Amino acid sequence: MQLKQTKNKKGRPVALPPSVLAVLKHEYLTRYEGNPIGLHGDDYICAWDDGRPFDPQYISHKFSKLGIPPTFHGLRHSHDTMLFKHNVDPNLVADRAGRDVTLTQKIYEHVLPDQQDGIAQLIENILFAPPEKPPENNQTK
């Protein structure tokens, strides 16, 4: 398998949840236990015993055998869709995906109609919510 550069030839940091970092750290330490860091290839977590990384097609094949619907690459789209459904700013979704925000919005515009109902309800609440009661004045005259 030959690894490819990203389209813009740059890497990017992506924040991960603490639970995911803990699993990755455990896997890394288990895989390379007793070996000084940097002496075992490219330090891949998803790799064969000799350090070669798994091919994404292999991972997708394993997913299908386990009944997990998306391909390995499809996880990227599932991630982005989930973020849009939870109203994450499109700029942040695009940044995590390494895409232009306009393209990202176009790809995931199918998610936006679900959000339209939430926006309509928000406007309803703003326009027709009962007026707030003024605070009571407890001062005696």
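In what follows, residues are counted from 1 in the order of the sequence shown. Values reported hereafter were calculated over all heavy atoms of this structure, with side chains retained and with hydrogens, waters and symmetry mates removed. Remember, predicted model here, so these are calculated numbers, not experimental data.
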Can you get from [X] to [Y] by hopping between Ile, Leu, Val, Met, Phe, Trp and Tyr side chains that sit under 4.5 Å apart?
{"X": "Ile107", "Y": "Met82", "value": "no"}
{"X": "Ile123", "Y": "Phe128", "value": "yes"}
{"X": "Ile59", "Y": "Leu66", "value": "yes"}

Working for side-chain contact (heavy atoms from CB on, under 4.5 Å), residues Asn91 and Thr104: CA-CA 9 Å; Asn91 289 297; Thr104 302; over 6 Å; no
Leu75 side, atom CG; Ser60 side, atom OG - distance, nearest 0.5 Å: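 If we round to the nearest 0.5 Å, Leu75:CG and Ser60:OG are 8.0 Å apart.
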Within residues 73-84 or reaching into it, pairs that qualify as salt bridge (charged side-chain N to carboxylate O under 4.0 Å, His left out) - sequence neighbours excluded: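 Those involving residues 73-84 are Asp80-Arg99.
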His86, NE2: over 12 other non-hydrogen atoms inside 6.0 angstrom: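 Incorrect, the count does not exceed 12.
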Non-neighbouring partners of Glu27 that pass side chain to side chain contact (heavy atoms under 4.5 Å, CB included), sequence neighbours left out: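 Per chain and number, Glu27 pairs via side chain to side chain contact (heavy atoms under 4.5 Å, CB included) with Val23, Ile45.
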Those residues that, when tested against Asn125, pass side chain to side chain contact (heavy atoms under 4.5 Å, CB included) (two or more places apart): Gln121
Residues forming a ring pair (Phe, Tyr, Trp, His ring centres under 6.0 Å) with His73, sequence neighbours excluded: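 Testing His73 for ring pair (Phe, Tyr, Trp, His ring centres under 6.0 Å), a comparison that skips the adjacent residues, returns His77.
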Contacts of type ring pair (Phe, Tyr, Trp, His ring centres under 6.0 Å), residue Phe63, not counting sequence neighbours: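 Residues passing ring pair (Phe, Tyr, Trp, His ring centres under 6.0 Å) with Phe63: none at all.
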Derivation and outcome, side-chain contact (heavy atoms from CB on, under 4.5 Å), residues Asp89 and Leu92: CA-CA 5 Å; Asp89 183 309; Leu92 294 173; 4.0 Å; yes
For Lys85, salt bridge (charged side-chain N to carboxylate O under 4.0 Å, His left out) partners two or more places apart: Asp114
Residue pair Val93 / Val101, side-chain heavy-atom distance below 4.5 Å: no
Side-chain heavy-atom pair Gln57, His61 within 4.5 angstrom cut-off: no
Donor-acceptor contact below 3.5 Å, side chain Arg96 vs main chain Ala15: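 Yes, because the side chain of Arg96 sits within donor-acceptor range (under 3.5 Å) of the backbone of Ala15.
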